[in-house]
Amino acid sequence: MNSFEKIYQHLFHMYGPQGWWPLMTMKKIGLICDYHPKDYNIPTTPSQIYEICMGAILTQNTAWRNVVQALTNLYHIHALDLKKTQAIHINRIKEAIRPAGYFNQKAKKIKEFNAFYFQLNYQIPSREELLSIWGIGPETADSILLYAYKQASFVVDTYTRRIFTNLGLIQEQMKYDEIKNIFEQHILADVEIYQEYHALIVQHAKQYYQKKDKYALDPLLKLPVLSPKSIQ
DNA sequence: AACCAGGACGTGA
DNA sequence: TCACGTCATGGT
């Protein structure tokens, strides 16, 4: 087992299954943002796939709690309803997603994505196609592929950079695709593992990588695999 | 009260 | 290519 696999094992042992990507579900108490640990079958409907795509756009450089509010508002104006969303004016989208920030840009991104999504006809998009859409960068594209379409495309975010730079396994200045490739070369392509790994990285980062003075406290630094001579 | 959050795009050099 | 500036709300 290489360092990247050992770290995955360790994180999974620490935090358990994360149940990403969370979905909005209507319950008696109201609209709830629900995680679904160990259920790797989700998403099962086009509507759930679409909602994940919306969340992926809305969460760009934004805390998830703010995205939940935006998704809740979108739900109430029927913008998460595949039969109705195209007809909604962009200004109404803007009002709804305001809590998630960057609402002018993100409303445009949603409209751009919609134009693409509804001509897809339920096929699986390629990474290149997603990247060609205005507003969809590498991380958003990979999130959509991995969590909405169950394609084994590893997601790299700022937390991934932070943690693995601190562990000495990558260099800070590496480009997105470089880092993505390193992970994909070290970890056998598996949708469930890729989904869990990224979610675990985010969970772990929230414990040790919010502020710089905590980086040194990361228990992963003590893993034997990270001793100088065993780093590959 | 700065600082950050599950980034991406536009610009000038 | 690359380093910056911009986009925006809400919690700590």
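Within every chain, numbering begins at 1; the chains are lettered A, B, ... in the order of the sequence lines, protein sequences first and strands thereafter. Every value quoted in this text rests on a predicted model; they were computed, and no experiment measured them.
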- Message: Check for me whether the distance between the ring centres of Tyr197(A) and Phe12(A) falls short of 6.0 Å.
- Response: no
- Query: If you measure from OG1 on Thr160(A) to CZ on Phe154(A), what distance do you get to the nearest 0.5 Å?
  - Reply: 6.0 Å
- Message: In whole Å, measure the gap between the P atoms of dA1(B) and dA8(C) for me.
- Response: 25 Å
- Item | Distance, C1' atom - from dA5(B) to dA3(C), rounded to whole angstrom | 22 Å
- Task: Establish, for the pair Arg162(A) and Tyr209(A), whether the NZ or CZ atom is under 6.0 angstrom from the six-membered ring centre and no further than 45 degrees off its axis.
- Result: no
- Message: Please classify the nucleic acid contact of Lys175(A) as base, sugar-phosphate, or nothing, using heavy-atom distances under 4.0 Å.
- Response: sugar-phosphate
- Item | Trace of the side chain to side chain donor-acceptor pair (under 3.5 Å) decision for Asp142(A) with His198(A) | CA-CA 11 Å; Asp142(A) 288 331; His198(A) 174 62; over 6 Å; no
- Nucleotide by nucleotide, nucleotides 5-11 of chain B touches protein heavy atoms under 4.0 Å in the pattern (B base, S sugar-phosphate only, - none) BBBSSS-
- Query: Are any of the side-chain nitrogens in Lys180(A) or Glu184(A) under 4.0 Å away from the carboxylate oxygens of its partner?
  - Reply: yes
- Go through the side-chain N and O atoms of Asn73(A) and Gln69(A) and say whether any donor and acceptor fall under 3.5 Å apart. yes
- Query: Using the P atom in both, what is the distance from dC9(B) to dG10(C), to the nearest Å?
  - Reply: 24 Å
- Message: Do Leu58(A) and Ile110(A) have side chains that approach each other closer than 4.5 Å (heavy atoms only, starting at C-beta)?
- Response: yes
- Query: Which nucleotide span of DNA chain C, 5' end to 3' end, has atoms closer than 4.0 Å to non-hydrogen atoms of chain A?
  - Reply: dC2(C) to dG11(C)
- Message: Filter on side-chain hydrogen bond (donor to acceptor under 3.5 Å, both in side chains), then keep only pairs touching residues 76-88 of chain A, sequence neighbours left out; what's left?
- Response: Tyr50(A)-Thr85(A)
- Between dT6(C) and dG6(B), how far apart are the P atoms? Round to whole Å, please. 24 Å
